[in-house]
Amino acid sequence: MKWAPVSQTAQLHTILQLLMQDPPQFSSYASIFQLLTGHKTRNSLKIGQQVHAHMVLRGLQPNAFVGAKMVAMYASSGDLDSAALTFNHITHPSSSLLYNSIIRAYTVYGYFEKTIETYFQMHFLGLMACNFTYPFVLKSCADLSRIGLGRCIHGQSLRTGLGFDMYVGTSFIDMYVKCGELSDARMVFDELPMRDVSSWNALIAGYMKDGMIHVAEDLFGRMSNRNIVSWTAMISGYTQNGLGERALCLFEEMLKEGSEVKPNWVTIMSVLPACAHSAALEQGRRIHKFARGVGLDSNPSVQTALAAMYAKCGSLVDSRFCFDRIHPNKTGLVAWNTMITAYSSHGYGVEAVTTFDDMVRAGIQPDAISFTGLFSVCSHSGLVDAGLKYFNCMSSVYSVEPRYEHYACVVDLLGRAGRLLEAKELIYQMPMQAGPSIWGALLAGCRKYRNLEIAEIAAGKLFVLEPENSGNYVLLSNMYAEAGMWEEVNNLRALLKCEGMKKNPGSSWIEINGKSHLFLGGDKSHPQSKEIHLLLEALPEKIKAAGYIPDTSFALHDVSEEEKECNLKTHSEKQAIAFGLLNTSPDTVLRVTKNLRTCGDCHTFIKFISKIYRQEIIVRDVNRFHHFKEGSCSCGDYW
DNA sequence: ATAGGGTTAG
């Protein structure tokens, strides 16, 4: 238990004695509630309740002033219900102070509708809002996206002059930013007579949110006083805009700046996704170490973010370790979802399902994201019946209505299992329009099971929905070729030659000794390119002896078999792995990231490599992890 | 009092 500072405890005793006096003084009660409001001791609520009871015993009805202090006391001690009850019992609530304290309480607890409702009530009674009212009302407007009401209040506050108050003005900046009205935010900022760090911070966050990095950087550069929020806003702005490298750089720079700014848990959470996106495990570990050093690793949110980071960097073991360190009572929905998603993206179906069940047993209600992770892993690890079982009862048992993404996963699940008719039926039955992801999943299933009839339906939809995506034409064309339908192949080839077709170039990167190396498909610009390609020339022959057969069906059927094999050899993930083999010892785990889905040939190829070189290889493709070890892959060839 | 916030498939 934490002890209050001596002076405060002394004050408390003095006032408690005053309370015994006759006649009773309202101001004494008010003072004691005020003192308790500042106290963060565990028994402040108990003392408050006793003082309250003391008033009741003496037949004292709190007036608006004492009521305001009582409301604040209850709210700060975690008892919003008593705060609201107290407020509602005040017979003549004609005091802005009283309204301010309940408005503050509702906002702090996230009851934004109640805040606004109470503000209207206050307005109706003719009570004036003041500089302590607006920040909470505006935060509520921001959170509920009630921009119309916000503008109305803005106009009002400008007439009374309160709109030029620094706190109120900053709240308006924040509100406009959160509602996506950046130019209005800028206008408020420019017209504020006094600004403080928060005003700048709010505007920086706004520019970052709109992707206007340079403006944010310019503001940040021009600030005379930066606090930890300013740095954190920049760092999280970078990660949100996919600039992980810059986020990490700025984080390091901030640490060099000295002890002026102290990173807190929000800072750690803002920088961690930067490691996840670039698959920079070592950097992630460094930040984890740092967090441990400053005692931030016991924060449940940080632990959750760490678990997510490790999962995205490919280390499930570390991910689970961080998850297990979260206090059971503090393991919330997001933490469980993170762990389910972690197993899901690594293809660990049974573990994901177990985690889902553990979550339910722990009394946490799953949400839409829990089910997305669950269905995704069921589909990728072949747990068809389990997936369907959960899908069929998600609404009735867990009261989560299936969303578009759930249908997408289940269509994929059925498609991968070869249950193409059911998949097609589900698409026709679903209550919303199917888009490219759903028809694409069906088409992929058709290709795997060579169902040309349904493939033509799916492809037909895709040609309309995303005519510029060359992948769909290639897929159907390869299916026609396999069936020997050359006329159809030629028709599609003609379409493919059209302008505006998107060809997403493949790229992979590998991190070795903390340095990341990038490879593009067919590219030969890397300094070690010669050795890499020599190795890639030799490898197929070497592993063919072990049973490898190049699968050229992943190339377009318009070149000779030899040429196809040659194209396959230079796929970017093969280059990255060759580079890894050349520069590491066999006990190093090779960690490769790829921007697209890994092709079937590369997948087989890597399995053989992992066996012959006895080296563990972890490949993260655009949305999935493959753990290659001893000639097999964690995905069980089902991805 | 105002600013910074972790989890989503293909």
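A, B, ... follow the sequence lines: proteins, then strands. Residue 1 opens every chain. Values reported hereafter were calculated over all heavy atoms of this structure, with side chains retained and with hydrogens, waters and symmetry mates removed.
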Open item on the list: Please classify the nucleic acid contact of A/Thr304 as base, sugar-phosphate, or nothing, using heavy-atom distances under 4.0 Å.
Closed with: base
Open item on the list: Under 4.0 Å, heavy atoms only, any strand: does A/Thr341 hit a base, just the sugar-phosphate, or nothing?
Closed with: sugar-phosphate
Open item on the list: Can you tell me which nucleotide in B/dA3, B/dA1, B/dT7 comes closest to the side chain of A/Pro135?
Closed with: B/dA1
Task: Ring-base stacking, A/Phe132 with B/dA1 (5.5 Å, 30° cut-offs) - done: yes
Open item on the list: OP1 or OP2 of B/dG5 versus the side-chain N and O atoms of A/Gln240: is any pair under 4.0 Å?
Closed with: yes
- [ ] Look at all strands and tell whether A/Asn131 reaches a base, only sugar-phosphate, or nothing, counting heavy atoms closer than 4.0 Å.
- [x] base
TODO: With heavy atoms under 4.0 Å as the rule, sort A/Asp196 into base, sugar-phosphate or nothing.
DONE: base
Open item on the list: Regarding A/Ala205, tell me which of base, sugar-phosphate or nothing describes its non-hydrogen contacts under 4.0 Å with the strands shown.
Closed with: sugar-phosphate
Open item on the list: When you measure from the side-chain N and O atoms of A/Lys209 to the phosphate of B/dG4, is any distance below 4.0 Å, counting only OP1 and OP2?
Closed with: no
- [ ] Please work out if A/Lys178 contacts a base, only the sugar-phosphate, or nothing of the nucleic acid, heavy-atom cut-off 4.0 Å.
- [x] sugar-phosphate
TODO: May I ask you to establish whether A/Arg226 and A/Phe220 are in a cation-pi arrangement, using a distance under 6.0 Å from NZ or CZ to the six-membered ring centre and at most 45° from the ring axis?
DONE: yes
Open item on the list: A/Phe391 and ring pair (Phe, Tyr, Trp, His ring centres under 6.0 Å): which single residue from A/Phe371, A/Tyr407, A/Tyr398 fits?
Closed with: A/Tyr407
Open item on the list: Whether A/Ser236 contacts B/dG5 is assessed here as follows: a side-chain N or O lying under 4.0 Å from the phosphate OP1 or OP2. Is that the case?
Closed with: yes
- [ ] Please work out if A/Trp336 contacts a base, only the sugar-phosphate, or nothing of the nucleic acid, heavy-atom cut-off 4.0 Å.
- [x] nothing
TODO: Return the nearest nucleotide to the side chain of A/Thr372; candidates are B/dT7, B/dG5, B/dT8.
DONE: B/dT8
Open item on the list: Under 4.0 Å, heavy atoms only, any strand: does A/Phe136 hit a base, just the sugar-phosphate, or nothing?
Closed with: sugar-phosphate
Open item on the list: Classify A/Pro436 by what it touches in the nucleic acid, base, sugar-phosphate, or nothing, heavy-atom distance under 4.0 Å.
Closed with: nothing
